[in-house]
Amino acid sequence: MQYDFNRIEKDWQKYWSENQTFKASNNCEKPKYYVLDMFPYPSGAGLHVGHPLGYIASDIYARYKRHKGSNVLHPQGYDSFGLPAEQYAIQTGQHPAITTETNIKTYRRQLDQIGFSFDWSREVRTSNPEYYKWTQWIFIQLFQSYYCNNDNKAKDINELVSIFSSEGNANVACDDIIETFTSEAWNSFSTEEQQAILLKYRLTYLAETEVNWCPALGTVLANDEIVNGVSERGGHPVMRKKMTQWSMRISAYAERLLQGLETIDCTDALKETQRNWIGKSVGATVSFNVKGHDESIEVFTTRPDTIFGVSFMTLAPEHELVSKLTTAEQKAEVETYIEKTAKRSERDRMVDVKTISGVFTGAYAEHPFTKEPVQIWIGDYVLASYGTGAVMAVPCGDQRDYDFAKHFNIQIPNIFEGVDISKEAFTGKDNVKIANSDFLNGMNYKKASKRAIYDLEQLGQGEGKTNYRLRDAVFSRQRYWGEPFPVYYVNGMPQMIDAEHLPIRLPEVEKYLPTEEGEPPLGRANVWAWCTKTNTVVANNKIDNKTIFSLELNTMPGWAGSSWYFFRYMEEAASRGNVFASKDALNYWENVDLYIGGAEHATGHLLYSRFWVKLLKDRGFVNVEEPFKKLINQGMILGTSAIALNVTNIRVNHLSKLYSLKEDEFKFTTDYSQNSSGQKVNILVSKDLMFESTNTKNTISCSGINNLNHDPSKKNSLFNTILSILDINEEVKDELLNGESILSYFINPIRVDVNKVNASDELDIDSFKIQKTSKEYEKSLFILEDNDIFLVGREVEKMSKRWLNVVNPEVICEQYGADSLRLYEMFLGPLEQYKPWDTAGISGVHSFLKKLWKLYVDDNGLKVNDAEPTKDNLKTLHKTIKKVQEDIENFSFNTSVSTFMIAVNELTAQKCTSKEILEPLLVLISPYAPHIAEELYNKLGNNTSISTSPFPEFDASHLVESSKNYPISFNGKMRFTLELPMDFTKDEIEKAVMAHEKTITQLDGREPKKIIVVPGKIVNIVG
RNA sequence: GCUCAAAUGGCGGAAUUGGUAGACGCGCUGGAUUCAAAAUCCAGUUUCUUCGGAAGUGUGGGUUCGAUUCCCACUUUGAGUACCA
């Protein structure tokens, strides 16, 4: 009987689905375990083999946990709101909901084919109104909350209102409100005034903010959606623009987000990335009075100890005080400078960090202690968006201040004892004493900082302060395909729609573009106003601002729906109606035990999720502080592109006529450079070549060109192929062969479809040419090797349609089966590492599965019987149990695949047929290759799924050895091995080794200086 | 610039607390089977070698009886971050 993987896999996938084998229960005695994948965005391109990597790993772990007796929740869903569907809708007019639905179907088909143990009954889709109802609901909770700094948690905004009306805001500090008010004042404010103040406290708020506007995408972007100054999606330029936007006060949680990292099990790299993003710095604010003005300039510094080293101040060009302070004489110069820097884009400023520029305002501040005048400058090295947008410059202790001072000839006082600052600033902290600093003299960094802050506080000119880089997150997108806000406007003030009326469904629009007036696409909706009487969405032409009001036109960003979806899975689909997840479900599942996904979400998704979970905890809706206990980032699977070279331009120069060069042999000139790998690369010759072209622009960089077959005597040489297509007459051919002319050609590397190349790098030319994507090569000629094959070179790069290196998992499943795909993806290398895909290698794991099959079944049917296992059988089984269990728990899936191979090779050699060995072996393999495991398990006479049969117990007694093959080393180098009984003592071992003839040869008459014997391990002789 | 990670055959990679470097697989070489191919099976495959051996885990040093593993310096690659006061 053959291993018919296609039949087996289809059968078992059907069985699992019909029997709901992987349906998780919310009522179970077993311990819970929650394994989650980052849910995919269902793109039109479908899955390639790189996508399922993390899903396979999590599936193995989920299946392992079931064998180990856990009640496992392993759900899957779709992050189905997003830009690509909308872009496609703009181009085609097709509603994004329709394309999304189609894409989801493709994804589901592809996922099902791989045999995941997902509980699909709990599927979520962020674009489903029954789902985004609760995204809107969470938004309302954010709006109804403020962050209480005293208790360090979010609280109901109504508590704040009662505080205001009884005692004012004196005890409720807020960075955005400088003025305090009394309870009387509060009570006298109009409703609008009160709301405007409350908005500054709410965790989501509407504010005019400077945002990252991306004109090409027609929307704003969050900081983490921008990479190197351009949009993450599409790489479009981004500019700064002031807009009224919803923001999320994630900054309120900065400290808790930082502290919480300690409790998460993930790589240090990921923690470090998040720490950087939060960017905590401890220091002080200092305010400098401006001479001749009532104003003072507030700065943030991490080095209050260096305050006596201040020799000037620098303001960001955008700083609000610049225009007020600048003196008449300096006005013109300052204005020119501001204009100049405004023109420089953010990107230019980032790229060009070396040029020092700035200008003196003419104004002076007063040093808080010495009362000496301090020049006030502006300079674009100071960023308006960080700290207070102003710095106290200490040139002796900060390299940028130092460079600035040198450049503009400002004095550089030295306040460090025994440090030479003639060449550069001293940026160290430790082991140096402060000097020339009045009351700080002789103190170290720590002491001086403390003292400086104390004295500043006495003066009322500063205090200790912690600053965070983490900015509030802009939450509005000028887009259609996202969650609508549950918000309408009364007198310009945002009002929440009552939760009971949710969801507010996306309205229909006839086009998915912004309106002519520049409003977001929702501005096109005809039915998009809120009636407070009926509590329904009604037509906009009825707006009367009495009972019918305009609704918010922005939608929420992509990260809204993904910031809480892990809770939604906890609730069984049937009972999701009235809650985002019930208390019972939340109590039972708590949070995600294992979360696997891409590292690209390290700052965005993970921070936002953690933020929302903390809010939900503070407000009593969930009882966990962090959403994920353990996090693993899977590495990307890269594609292996197939490279051929394409001859684009050929010309023949008649030497005898043009030059007087003497060539004693036939000669080609080629314009190329080459790399060192020396791999064989062939050349396609395009028939559309331009004969006698003078285009010399094409140059190439490709491997192995030196191996090309130039030899005119070989039938398939480049020379002969070119001549044949150019139809060069005999006379020219003679000239070329006699060295009278030079044939020059230009070569470009081109990618050919990797799926048409076999394991030996041979291209299947005929099937390649008839491919849709390869039509342009229909007319090309291929320079063949002498054995008439066409070889390609290889290049490892990201898997992408563009590079023709995409491998579809469906094709692999049909050809080799899902079990082969699963095993191979794991076998490629460590989960977290980047590694190239090479379809050729899959034959290894595929033949392993065939060998496994043959261990159980042959032409006569089942081979397995009740034979007593041999000692060797037991040893193989138990060392496999031990290793596989350790590997899974360490997420070292690649090594357990080799362990399986070794086990099967050994058992085959041992001719093992014992059920006592072969049945537990199936359980070990089943997380990795579930279909074949189920099939064989069934053949062994079991009529239930293997998925919950217990994981075999490891018994160490089977591994006990009676002898050990000792490696005998000389000076640490192993020279030979010697089989000795395990119970030999040190002395006995030493005696046996010293008596050995090879020892005598090795020592060659020398007396050993020392003999090290580690019983059971090694013998080392030092000579 | 700063932070972090990595570097092992032709390739992917293994070596779990310092103890036989190159497991397992791909590819390659030879052989068996076959009319032939596919499939399968067997043997070999780090390099050099005078066939006794010797060298060898990016480079240079150190600790140790013994280092791919620990320490120091450097080189290269990748990732993150960027005038953060």
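What you are looking at is a predicted structure, and each value in this text was computed from that prediction instead of being measured. A, B, ... follow the sequence lines: proteins, then strands. Residue 1 opens every chain.
Between A/Asp887 and A/Lys883, at least one side-chain nitrogen of the basic residue sits less than 4.0 Å from a carboxylate oxygen of the acidic one, meeting the salt-bridge criterion. Salt bridge absent: A/Lys986 and A/Glu990 never bring a charged side-chain N and a carboxylate O closer than 4.0 Å.
Which of B/G13, B/C65, B/A23 sits closest to the side chain of A/Ser898 comes down to B/A23. Side-chain proximity of A/Asp380 to the nucleotides B/G25, B/G13, B/C83 is greatest for B/C83. Nearest to the side chain of A/Lys850, among B/G13, B/U40, B/G80, sits B/U40. Side-chain atoms of A/Leu383 lie closest to B/C84 of the nucleotides B/U20, B/C84, B/G13. Listed nucleotides B/C24, B/A15, B/G12 differ in distance to A/Thr895; the shortest reach to its side chain belongs to B/A15. For A/Asn1020, taking side-chain heavy atoms from C-beta onward, the closest of the listed nucleotides B/G80, B/C65, B/U16 is B/C65. When distances run from any side-chain atom of A/Ser847 to the nucleotides B/U40, B/C84, B/A82, the shortest one goes to B/U40. Taking only side-chain atoms of A/Ile1012, from C-beta outward, the nucleotide of B/C24, B/C65, B/C83 with the closest atom is B/C65. In the set B/U16, B/A85, B/A14, B/A85 carries the atom at the smallest distance from any side-chain atom of A/Thr301. Across B/C65, B/G13, B/U16, the shortest atom-to-atom separation from the side chain of A/Val1022 is found for B/C65.
Remark: B/U16 base-pairs with no nucleotide; criterion is Watson-Crick or G-U wobble with both hydrogen-bond distances under 3.5 Å. Searching all strands for a Watson-Crick or G-U wobble partner of B/U64 with both distances below 3.5 Å returns nothing. Remark: B/A39 base-pairs with no nucleotide; criterion is Watson-Crick or G-U wobble with both hydrogen-bond distances under 3.5 Å. A 3.5 Å limit on both hydrogen-bonding distances identifies B/G10 as the Watson-Crick or G-U partner of B/C26. Under the Watson-Crick or G-U wobble criterion, with both distances below 3.5 Å, B/C2 is paired with B/G80. In a base pair of the Watson-Crick type (N1 to N3 plus N6-O4 or O6-N4) or a G-U wobble (N1-O2 and O6-N3), with each distance short of 3.5 Å, B/A55 is matched with B/U46.
A/Asn467 comes within contact range of no nucleotide atom at all, as no heavy-atom separation falls under 4.0 Å. Contact annotation for A/Asp398: no contact, since no heavy-atom pair falls under 4.0 Å across all strands. Residue contacts for A/Lys973: at a heavy-atom cut-off of 4.0 Å it reaches a base atom on one of the strands shown. Using a 4.0 Å heavy-atom criterion, one finds that A/Ser843 contacts the sugar-phosphate atoms exclusively. When heavy atoms are screened at a 4.0 angstrom cut-off, A/Asp401 is found touching no nucleic acid atom at all. Residue A/Glu272 is classed as a sugar-phosphate contact, given heavy-atom separations below 4.0 Å to backbone atoms only. Looking at heavy-atom distances under 4.0 Å, A/Tyr824 makes no contact with the nucleic acid at all. At the heavy-atom level, A/Ser969 lies nowhere under 4.0 Å from the strands shown.
Relative ring orientation between A/Phe976 and A/His996 is described as parallel, the plane-to-plane angle staying below 30° on a 0-90° scale split at 30° and 60°. Ring geometry, A/Trp377 versus A/Phe408: the interplanar angle falls from 30° to 60°, so the pair is classed tilted. A tilted orientation is assigned to the rings of A/Phe954 and A/His878, their planes being inclined by 30° to 60°.
Between the CG atom of A/Asp887 and the C1' atom of B/G13 there is a distance of 14 Å, rounded to whole Å. A/Phe827 has its CZ atom 8 Å from the P atom of B/C26, to the nearest Å. Straight-line distance from the CZ atom of A/Arg303 to the C1' atom of B/C84: 15 Å, rounded to whole Å. Nucleotide B/U40 holds its P atom 7 Å from the NZ atom of A/Lys854, rounded to whole Å. The CD atom of A/Glu825 sits 23 Å away from the P atom of B/C24 (whole-angstrom rounding).
Comparing the C1' positions of B/C26 and B/G62 gives a spacing of 39 Å, expressed to the nearest Å. B/G12 and B/A6 have their C1' atoms separated by 16 Å, given to the nearest Å. Rounded to whole Å, the separation between the P atoms of B/C65 and B/U77 comes to 38 Å. Comparing the C1' positions of B/A23 and B/C74 gives an interatomic distance of 32 Å, to the nearest angstrom. Nucleotides B/A39 and B/U49 place their P atoms 35 Å apart, quoted to the nearest Å. Here the separation of B/U50 from B/C41, taken at their C1' atoms, is 37 Å to the nearest Å. The P atoms of B/G60 and B/U76 are separated by 16 Å, rounded to the nearest whole Å. Between the P atoms of B/A14 and B/U63, the separation comes to 31 Å (whole Å).
No donor-acceptor pair closer than 3.5 Å links the side chain of A/Asn971 to the backbone N or O of A/Val1022. Although no hydrogens or angles enter the test, the distance criterion places a donor-acceptor pair under 3.5 Å between the side chain of A/Lys835 and the main chain of A/Pro830.
Distance CZ/A/Phe5 to OH/A/Tyr816: 9.0 Å, rounded to 0.5 Å.
Judged by distance alone, with hydrogens and angles left aside, A/Lys851 brings no side-chain donor or acceptor close enough to the base of B/U40 to form a pair under 3.5 Å.
Each of A/Leu828 and A/Arg975 lies near RNA chain B, and the nucleotide nearest A/Leu828 is the one positioned closer to the 5' end. Where A/Tyr386 and A/Ile1018 meet RNA chain B, the nucleotide closest to each residue was compared, and A/Ile1018 sits on the side nearer the 5' end.
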